[in-house]
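One structure is given here, and the rest of the page talks about it.
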Amino acid sequence: MSKVAYINDKAYPIHEGETMLSFLRRHNGKKSVPTLCDAANLEPFGSCRVCSVDVALQKEGKTKAMASCHSPMQEGMYLYPDSPNIQKLRKNIIELVLTDHPLDCLTCEVNGNCELQDVAASVGIRDVRYPEGENHLHREKDLSHPYMTSDLSKCINCYRCVRACDEVQGEFVLNMAGRGFDSHIIKGHDQSFKESDCVSCGACAQACPTSAISDVFESKSVAKAEKTRTVCTYCGVGCNLEVSTRNGEILSIQAPYDAAANGGHTCLKGRYAFKFYNHPDRLRTPLIKRNGKFEEATWDEAYDFITDKFKQLIADHGPDSIAGISSARTPNEENYLMQKFMRAVVGTNNIDCCARVCHSPTALGMQRAFGTGAATNSIDDLNYTDCIIVIGANPTDAHPVTGAKIKQKLMKGTMGIVIDPRKIELAKYAKYHLQLRPGTNVALLNMMLYYIITEDVMDKDFVAKRTEGFEEFKQEILKLDMDELASITGVDKELVKEASLAYAKANAAMEFHGLGVTEHSQGTFTVQLIADLAMITGNIGKKGSGMNPLRGQNNVQGAADMGAQPHQGAGYLDVTNPEINARYNTFYNAKVPSHIGYKIPEMFNAAINGDLKALWLIGEDVVQTDPNTQKVMKAMDSLELLVVQEIFMTETAKHATVILPGASFLEKSGTFTNGERRVQRVKKVVEPLEGTKSDGEIIVDLMNRMGYPQPPYTPDGMLDEISQIVPFFEGITWDNLGDNGLQWPVKKGGVDTPMLHIDEFKRGLGKFTFQNFKESVEVETHGKDYPYIITTNRELEHYNCGTMTRRTGNVDILTEDVLLINPKDAADNLIEDGRMVCVESPRGKVDIKAFITDEVKPGVMSSTFHFPEIMLNNITSDVHDSEAMCPEYKVVMCRVRKSKGKFKQLV
Ligand code: SF4
């Protein structure tokens, strides 16, 4: 028999550990108890007391008013939420709040959508009996920031903004100053939003119950506009967004509190960087280059131009003279169609996507070790972990919502280990920061594995029952010389030992890694060693553990799942396997090739060699973002046909023969798969801009014109086709994805999988593999003449090439790429902070502004490639990971000097 308590003497079941407020709202409805300081994603606070209810421990017993938001339920309690005593108390509280609040509701931005106004009305306040206070009159508005605004005359001191900044984002920018009636919110050291360390996540604005803190889009004032729930396009966290529209225009974005991926939170990209969608720079008509100039064309002309050329090339040079690069920013359904076009229509496996230049080593390394190349656990497992190890990733910048969650855990005492050449934000909160030299991950991980074995802290039971290859692996590890590896990595061996033991001894340790692992010549081997580390400590198949790659672009997981890669078709099925080939042939009703196609770097080489004649590229600015820009441009210019499907005139589009204007994620429907394998629905928020088409529609149009009968694009229809060929999508339908999606593999009936490899690995036993450290070719070849290492990174405000964010207010917050340089290196080269410097590598040179910081060690520099004005990839190297061909962006040998000039190509 379940436990019960009483509301107005009527019995209701109680849930273990719930508060009075949740009990009352569960049974009487969300609006049954008014609140002010309470918010869905914040800890109970109990300061305003508006949620007070009368409580008796027995029927007709003595009642006591208690704040329901933080008071736990007990069996047999009697709650009277609307007693005369409580009604009077609430009215008094709200009256007092209103005495120092401007009573100008009619002209207030949030009139009609103000929580204070609602609560005042619900407790029956029409007039305030007390004289109006004056403190609020002295509060100035803050309009300094591109997104955030404040008018603290409207503040009711509920602390929701302060708590959101602390509890959700972990930034501690907002605080309360003064006493009594003079209590007021301050930002930083009583600064403006712009001057403070605010990261513009908007958590405070969403939390504020009045318009004291808001945003320039007045998000709360449009609460009654039409709403569409969709998924952010900027990173692999996959935050759900609630987009408000009116008359086909986007007004603002908020974060749904019930979203599994982000629980009411976003970063500034997801919440605020949406104004690109109808920017004047959007491409609005197909363009064909004739005599070196782009000319406007109709869709029919563009389609005819492309299909005529494709057919001619297939006839003259065979299908492998054509290649496609699909987009990790477009939905699964469009990626699926693109690879289907290449395989079933053209007849080539020359299809790849940007996973090649970010997490291809993760997929390959994890497939080798476990059989599946995707995150083993869910982000929610952070709530169950005792140790977090972050390797080569900077989540607070690149995956901000997950980064904020990790930061919260570390601040609250969870053991943290950061392995990164830069002093990233999380390194400040982690117990161990192993600040290794770029390119030495393999050496450092081998040190960790050595200490775990020699100190006898491994999980012998897990290794014996769940893995293979351990004895050979162990023998190799034991041959290693720790002093030598310490010297290679630049990290004290005792520190490595301590961190290794901390990781191994944790009950459950959770691993996260990013491009600082994969973008190396030993990227795949590093991933395999991380898998070794997880297996040797038994950190697989249990809550709060696992190996969790932080996928970069929003749908890079999905693009690979859908087969946008040259060796595996949809569902990671091996294209060279005759049985699989027969299955694809039957399913697509076409002859699909069984030899592996070109990976992206091989496409560039083939274009330069003349073997590749045509490239169709969707939403991928390879000229700006792929390494060794000059080589990429040469490849683009060597093609007979370059089709670029884009929303803006990118650096790559400038080299195109034909440009097809695509629709943005806000203008189409489909699904994205986030970094924890969560397949979520992307829903059309506004109609595509006039003149543009969704990528799915364009691909289907071209399929039909090439003679392949493909039905019109619909997201549910495509998902249905995908579920028939991709084994782990078997149980997914458009409808059963619901609001929070499903984590693949999904069985028939919609049963999903938050955690992989619980009882056995996909490949049966997990495979240990030893990998020895090998110095990067870049260091060995050029280290003598180019003494510094540049390692590339990302900043919070922009994603990779920043085509979209540069057309939003984000560009007013972060205006340019800079070079992070240690004070010693700056002094050695007579470089002052903020001065232009020339950075030269064996590939070329760029001019960039110096930013002097101890975030990097002497000898190491760091920069981003968000801005085409700098084009940092002119200096990066196209040396690749030996296995997956992911470029080594993280180890670029260079020299540096003062300069005023611009980029010059070396001859
Ligand atoms: Fe969330 Fe990433 Fe979008 Fe930021 S960029 S809102 S963290 S999905």
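One-based numbering, in listed order, for ligands and for the atoms of each. Positions are given from 1, in the same order as the sequence printed here.
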Report yes if some heavy atom in the side chain of Asp215 is under 4.5 Å from a heavy atom in the side chain of Tyr272; otherwise report no.
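Yes. Closest side-chain heavy atoms under 4.5 Å.
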Does some side-chain heavy atom of Val357 sit less than 4.5 Å from a side-chain heavy atom of Thr625?
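The answer is no; the side chains never approach within 4.5 Å.
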In chain order, what residues pass the salt bridge (charged side-chain N to carboxylate O under 4.0 Å, His left out) check against Lys428, with sequence neighbours excluded?
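Residues passing salt bridge (charged side-chain N to carboxylate O under 4.0 Å, His left out) with Lys428: none at all.
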For Arg677, which residues count as a salt bridge (charged side-chain N to carboxylate O under 4.0 Å, His left out) partner, sequence neighbours excluded?
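Partners of Arg677 by the salt bridge (charged side-chain N to carboxylate O under 4.0 Å, His left out) criterion come out as none, since no residue qualifies.
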Tally, protein N/O/S atoms nearer to atom 2 (Fe) of ligand 1 than 2.8 Å:
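Atoms of protein N, O or S type lying less than 2.8 Å from atom 2 (Fe) of ligand 1 total 1.
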Can you list the residues that meet the side chain to side chain contact (heavy atoms under 4.5 Å, CB included) rule with Ala653, with sequence neighbours excluded?
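Val644, Met649, Thr650, Ile659.
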For the residue pair Asp380 and Ser378, confirm or rule out a side-chain donor-acceptor distance under 3.5 Å.
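Not at all, the side chains of Asp380 and Ser378 share no donor-acceptor pair under 3.5 Å.
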